[in-house]
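Below you'll find the structure, written out as structure tokens, and then a few comments.
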Amino acid sequence: MSFDLAARLAARRADNLYRQRPLLESPQGPQVVVDGKPLLAFCNNDYLGLANHPQVIEAWRAGAERWGVGGGASHLVIGHSGPHHALEEALADLTGRPRALLFTTGYMANLGAVTALVGQGDTVLEDRLNHASLLDAGLLSGARFNRYLHNDAQSLAKRLEKATGNTLVVTDGVFSMDGDIADLPALAREAKAKGAWLMVDDAHGFGPLGATGAGIVEHFGLSPEDVPVLVGTLGKAFGTAGAFVAGSEELIESLIQFARPYIYTTSQPPALACATLKSLELLRSEHWRREHLQTLIRQFRHGAEQIGLQLMDSFTPIQPILIGDAGRAVRLSQMLRERGLMVTAIRPPTVPAGSARLRVTLTAAHSEAQVQLLLEGLADCFARLSSEPNHA
Ligand SMILES: Cc1ncc(COP(=O)(O)O)c(C=O)c1O
């Protein structure tokens, strides 16, 4: 007996599901160099265009000079440094909650929060299109795990009837592969009516959503009682890396005691926290970034509708074009790349079978002229694809 990895890989290729990593040879931004070729990219999550911002880079550089480059230890030993603490306070302020706790990645924040809050005898209910890290967290928690229909408060209500023990309802704020937003007021109502807690992972909402960029909770004007557990990630609109959970004093103290992905890992480099503090300042002060992004989103949707592309119900920077067949999505992505445009094809199991798509993301660093180039490229590639015998 041996592991037949070759057969597994061959099957993945045959299904058009084989993943490859494009090699980025430039900083993140609209104009990138990938595998040696200059491309105009519409696929990163740097929604506010901060990943390569000179002031953020300078804050990182100055932070490294002051604090060194390594976290050195876990937070509970001697890795919790001044910049980490200052960033937690700034994130608590951004979210209007008493405390925030920094994690090294969003994946770990989600694992940490869910597994610290529920276990055997409890219940975790999740939107069926939640991010993989939330679904994995629910499965790992040992709690009874159930998924409700996408963004459907009625379907949630039915499952809440049968819930036992402490019950955690978990949803993405902005759904990462679809771009639509959770119906948080309805979900919060159902959860509160049954004494359950609502946890929202707003990885894609912080930055683009809300009057001050404080995300989906600000967008809907909800209170900390509506959303007791709020997660944000720092590798998207903040342009850096890491994540946080924001909530009550008791919540954060509980995570410090019980969240294993918080306890048993080295803290992020303090200089990274210095950089994130700077991007948080820009996120809060430079409103033009959110406004420009909205202009681009409107321009893209209007243009794509005119070409007859099948868009999803999204007003966020995530603007997927539904294709269906994985092979067709990959072919379109290749054709766009030959034309100097980079848009990633997203295929199962990241999205449900038969719903492969081109995931277009727009950022404040793009210009209207660049969005126009994308629209022209899409029109041309869709027209050419329909004349290819295998993909018509
Ligand atoms: C909704 C959502 N949550 C969590 C994560 C994980 O965050 P991180 O990349 O910081 O691990 C992602 C994507 O990366 C995401 O899209």
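In this text the structure is predicted, and so the values were computed from the model without any measurement. Start at 1 and go down the list; that is how both ligands and their atoms are numbered.
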Check residues 188-196 and write down every donor-acceptor pair under 3.5 Å in which the side-chain atom is one partner and the other belongs to a residue at least two apart or another chain.
unit_1	atom_1	unit_2	atom_2	d
K192	NZ	D226	OD1	2.8

query = Looking at R289, Q294, H287, which hits side chain to side chain contact (heavy atoms under 4.5 Å, CB included) with E291?
reply = H287

key: Centroid-centroid under 6.0 Å between F103 and Y262 rings   = yes

message = Parallel, tilted or perpendicular, judged at 30° and 60°: which one describes the rings of H80 and H84?
response = parallel

Between ligand 1 and the protein, tabulate every N or O atom pair separated by less than 3.5 Å, reporting distance only.
unit_1	atom_1	unit_2	atom_2	d
ligand 1	3 (N)	D201	OD2	2.5
ligand 1	10 (O)	G106	N	2.7
ligand 1	11 (O)	G106	N	3.1
ligand 1	11 (O)	Y107	N	3.0
ligand 1	14 (O)	K236	NZ	2.7
ligand 1	16 (O)	H204	NE2	2.6

inquiry  = Applying ring pair (Phe, Tyr, Trp, His ring centres under 6.0 Å) to F175 and H150, what does each step give before you reach the verdict?
reply    = CA-CA 10 Å; F175 289 89; H150 177 51; 4.5 Å; yes

key: Lys/Arg cation over aromatic Y18: R12, 6.0 Å, 45° cone   = no

